[in-house]
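Working notes, beginning with the structure itself.
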Amino acid sequence: MSAELNQNYDPKEVESKWYKAWEKKGSFEGNVQNGKDSFTIMIPPPNVTGILHMGHVLDNTLQDIFIRRARVEGKSSLWFPGTDHASIATQHKVEKALRDEGTSRYELGREKFLERAWEWSDEHGGIIFNQLRKLGASCDWRRSRFTMDAAYQRSVQASFVEFYNRGYIYRGKRLVNWCPASQTALSNEEVEMRPQRGKLYKMRYEIVEEPGRFIEISTTRPETIMGDTGVAVHPDDERYADLVGKHCWRPFPRAEIPVVADRSVEKEFGTGVLKVTPAHDQVDFDIGKRHDLPLIDVMNPDGTLNELAGEEFDGMERFKARKFAVQKLEELGLLIDAEDYDNNVGFSERGGVPIEPRLSEQWYLKYPKVEEAKRAVEKGIIRFHPKRWEKVYLHWLNNIQDWCISRQLWWGQRIPVWYKKGADRSDSANWHVSVNGPSDPENWEQDEDVLDTWASSNLWPFATFGWPSEDPKVKAELDYFYPTSMLVTGFDIIFFWVARMIMSGLELMGEPKEGLTDEEIAQRIPFKDIFIHGLIRDAKGRKMSKSLGNSPDPLDLIAKFGADGLRFGIINIAPSGSDILFAEERIEIGRNFCTKLWNACRFRQMAGGTAEAQSLEAIIDRLAGSQLEGYGNWILFRLLQTMEEIEGQFARFEMHQLTHSLHNFFWGDFCDWYVEAAKAMLQSKDDPRHDAALAVSDLVIRHSLLLLHPIMPHITEELWQAMGYSVDGEFVQDAGLLPAAQLRELLNAKSVSIDAEGARQIELIKELITQARATKAEYNVASKRDVTLFVTPTDDSCATVIEANLDTIKRLAGAATIELVETVENLPGSVSALGTVYLDLSSAVDVEAEKERLSKELEKLTKAIQAGEGKLNNPSFVDKAPPQVVEGARKQLLETRARRDEIARLLKSL
RNA sequence: GCGCGGGUAGCUCAGUUGGUUAGAGCAACUGGUUUACACCCAGUAGGUCGGGGGUUCGAGUCCCUCCUCGCGCACCA
């Protein structure tokens, strides 16, 4: 033992001490190590100015668990960190600061604005990294990348050029999702449909050719009347058949607009007549195209109306204009009705305002390798965990439309396209597309726009390594670490990020090629496994948000429970469903478990012995050849079982079972049973079981620390060192965790064989003890440790087992003496498989209470027996069920009968 | 409208390919300082597994149907 443990575990001191030590020694550095397997995770880059929230805690704890597990398994692990520039979000923040100063980005100009944005990101950036360090995240910080790093920007631009050259990028003029708040185009994914209570207005337009006749129209958006260039009805709608080809009067600005017939009109909706505003609605745009209707854009980029809307509307905000248009309709006597109406309106996620379909020229990406992206998942080359997210992914891929990737923002990677000065920009003959720009820059001007943030983060798994550089180091690292092992993220960004990374990888991580084989897919994909976790909500299921004040600061929680406590706690409650209900009390288990671990180790230290524990072999040598007594055999059996469980959980990505297995084993088995039993063996150094008990404890604690290390890295490191398990100051991660099967072999090789039958006997002993304790509790002598117990063993072999474990039974049940006898009269007893255990009472037995208790038990058993008999008397069960199931049922029935008879006998004897 | 995921103890959730008397943590209750730990120990109570139907020797688990909650996608102006 090298260092004596304090009475209390102090996470604060311990955590920072070891984190520094790890960093200093480069423990997190992931390097190419030929001959070793690599294990790589790219962090989902948080926003550069973001601060740690509970979602990050979950996401990063999970990643750290996978990474650290891979390290203890001896893989060359790399957890690659970085941040995202979050174009629109960051620009918003900077613009808000500017507004507070009474200025704007337009006043400042692009260059000055970008300086401010860089200042902002330098100032706020990196905060989250320090917070992640406090959590214990073992990222290779040397490598940290930012999506606005010069090199990364070049990668992004290179991808644009590459996509362009391969024919995936084009420029198009069409209706886009326009955010009037941010004044930029958005992709479809950035539009969130929100239910809105509005009004459906019914109004009438007069027929030009038949004055006095009106056509009734329903609309939710009267403010776009000024942009109407037609009215549409369904071609089969008899009500209006005679009007098709005629015209009606648009009320303001007053103009003749045609009535057209178009199949996209629903006859059943409203009056069956649709006003057509091609510049402000997608459906209308399509109708307009088919019928050659003119486009009148009546809105400015900021959502106010322009001069084309007429003098009265010019400059008016769009929702004001809606009211005003209604008022005007009313004045003109054209408004028939306005009824309440619920519909869904697209909102800009970031801007928080309704989007405006707006005609503009933008850059589009036709998604590459869509078929391969689907096939990768369908064929299991990429696997989602849990699997059901596959469907979400495939459904999206089956319905995708081209991606609008240009943004009318300044903070981001500028689009690498230059236009010949003074020439027609819509003619591609006047374009120059390259990373470095034209050789005669004075004759060109660069596209003003930047790329969608996700059009840069989709390169994250390879641009971070330096793609497309030809540098041999870059190639070697990509060769070694790519495809990365897995991705850990929330389901909310499957479309935004996960799917797009897959398609980009498939297209760019190899030569241009139509159609990929499965082998090529396997080489090009960015990751093999995708672990999708839920989103953290508060205890009532509400989203965590600053305004609700229900979002705890993880640093406060770390202060309260320790980083390890928080990590254990969050994983323990996490992977339940798609929502994780967070309540601080639920984290307590993590802190409590840390304390338990600490005290178990303290106890081991107090038990003494300067035994050799620096290596697994040394500990096993201490056991070599010794015949393990029952509990030792049992706890090692359980250790191997637990190790196998955990191996399976990692293999199947069942993280929700991890903490349960470990908690159950270490607390429920080791502390509650083995340590308590071992106390009997540790009383005297002369006890032949003494040294073995210490060795078994060391073996169990050592492995528990190894198994727990990925979840609770700091405390396990502290204990590892303090317990003297470390060789030459090496860390837990250097020790190497053997698979259960190899550990078993190693034990076998030293003639330490773990025996399942022996373990089962201890389970029976535990049952007997539990029964004895329950009886004592029933008679309010639970805390008395000097009672006498009588046991009537079921048979001779049971008697032998009990005899062999007498001293531990005494200790664990709290009895001064235990006598094995033939029969007992007039004492309360409880039945167990090994025998019936009776409590010797000096006072009289409460016969009535005892009768009640036994009758209840009897009833339960009788029911079980009826069920069992029914089953076994049923010929079809005996014939059809597998023999081992029938055999099991038979055995079960016998045992239950014996137990019932014993209870009945007890009852009678009272 | 289409799709996905839930509904199991007071709460939060486990429950592998159908197979003993359905489990855990927390909360509750009772009693407790024993060679570490009250952030602890021992014990008790609490469930007709959302309803109905079906398949089967056997269903929390598979199928159908309904109710209910949550989420995603689409969307009629």
Side-chain angles (χ1 to χ4, degrees), chain A residues 5 7-9 193 200 217-221 224 232 264-266 268-270 273-277 281 283-284 343-344 386 388-389 391-392 395-396 399 491-492 494-495 535 539 541 561 565 572-573 576-581 583 585-586 588-607 648 652 654 656-657 659-660 663-664 668 671-672 675-676 678-679 682-683 770 773-778 780-785 811-814 860-861 863-865 867-868 870-871 874-882 884-886 888-889 891-893 895-896:
Chain A
L5 293 168
Q7 190 157 3
N8 293 307
Y9 171 54
M193 300 306 279
L200 183 63
I217 305 164
S218 301
T219 183
T220 53
R221 303 204 57 196
T224 61
S264 60
V265 178
E266 291 282 333
E268 313 306 326
F269 187 87
V273 186
L274 174 68
K275 77 186 200 50
V276 184
T277 323
D281 185 278
V283 175
D284 295 14
N343 66 342
N344 285 321
R388 65 187 157 96
W389 294 109
K391 280 185 186 155
V392 176
H395 180 256
W396 183 74
N399 294 285
F491 58 80
D492 49 334
I494 290 177
F495 309 145
L535 303 183
F561 302 110
N572 188 54
I573 64 172
S576 37
S578 46
D579 286 341
I580 297 147
L581 303 186
E585 308 85 79
R586 304 186 67 193
E588 284 172 7
I589 187 173
R591 177 200 54 189
N592 297 354
F593 192 50
C594 286
T595 308
K596 191 70 180 177
L597 191 59
W598 187 261
N599 280 301
C601 289
R602 275 183 66 215
F603 177 77
R604 169 63 191 89
Q605 280 198 337
M606 289 173 187
R652 295 186 299 269
E654 290 171 353
H656 59 297
Q657 307 284 26
T659 51
H660 295 123
H663 189 265
N664 196 23
C671 292
D672 287 348
V675 170
E676 292 306 320
K679 283 174 183 174
L682 294 172
Q683 267 173 330
T770 302
R773 284 168 171 173
T775 311
K776 282 177 71 188
E778 198 79 18
N780 291 324
V781 292
S783 49
K784 278 198 156 178
R785 309 197 53 75
R811 166 168 284 277
L812 295 181
K860 210 167 134 192
L861 290 171
K863 262 191 202 159
I865 287 165
K871 204 188 267 184
N874 183 343
S876 46
F877 170 72
V878 181
D879 291 349
K880 292 184 186 175
Q884 68 271 26
V885 170
V886 178
K891 210 172 150 198
Q892 177 65 27
L893 181 61
E895 280 169 20
T896 312

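What you see is a predicted model, and the numbers here were worked out from it, not measured in a lab. Note: hydrogens, waters and symmetry copies are ignored here, and every other heavy atom, side chains too, is used. Proteins get letters first, then strands, A, B, ... in listed order; numbering begins at 1 in each.
- For the pair A:Asn399 CG and B:C75 C1', the interatomic distance rounds to 13 Å; values are reported in whole Å.
- Between the P atoms of B:C2 and B:C75, the separation comes to 16 Å (whole Å).
- Residue A:Arg388 places none of its side-chain N or O atoms closer than 4.0 Å to OP1 or OP2 of B:C4.
- Using Watson-Crick or G-U wobble geometry with both donor-acceptor distances under 3.5 Å, B:C40 finds its partner in B:G32.
- Shown here, B:C2 forms a base pair with B:G72; the pair counts as Watson-Crick or G-U wobble because both key distances fall under 3.5 Å.
- Across all strands shown, B:A22 forms no Watson-Crick or G-U wobble pair with both key distances under 3.5 Å.
- Distance NZ (A:Lys776) to P (B:G43): 11 Å, rounded to an integer number of Å.
- The phosphate of B:G15 (OP1 or OP2) has a side-chain N or O of A:His656 nearer than 4.0 angstrom.
- Comparing the P positions of B:G15 and B:A24 gives an interatomic distance of 15 Å, to the nearest angstrom.
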* To do: Going 5' to 3' through nucleotides 28-36 of chain B, assign each nucleotide B (protein heavy atom under 4.0 Å from a base atom), S (under 4.0 Å only from sugar-phosphate atoms) or - (no protein heavy atom that close).
  => ----S-BBB

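- Between A:Ile865 atom CD1 and B:U21 atom C1' the separation is 11 Å, expressed in whole Å.
- Comparing B:U21 with B:G25, their P atoms are spaced 23 Å from each other, to the whole Å.
- In this structure, A:Asn343 reaches the B:A77 phosphate: one of its side-chain N or O atoms is under 4.0 Å from OP1 or OP2.
- Remark: P of B:C26 and CD1 of A:Ile589 are 6 Å apart, rounded to the nearest angstrom.
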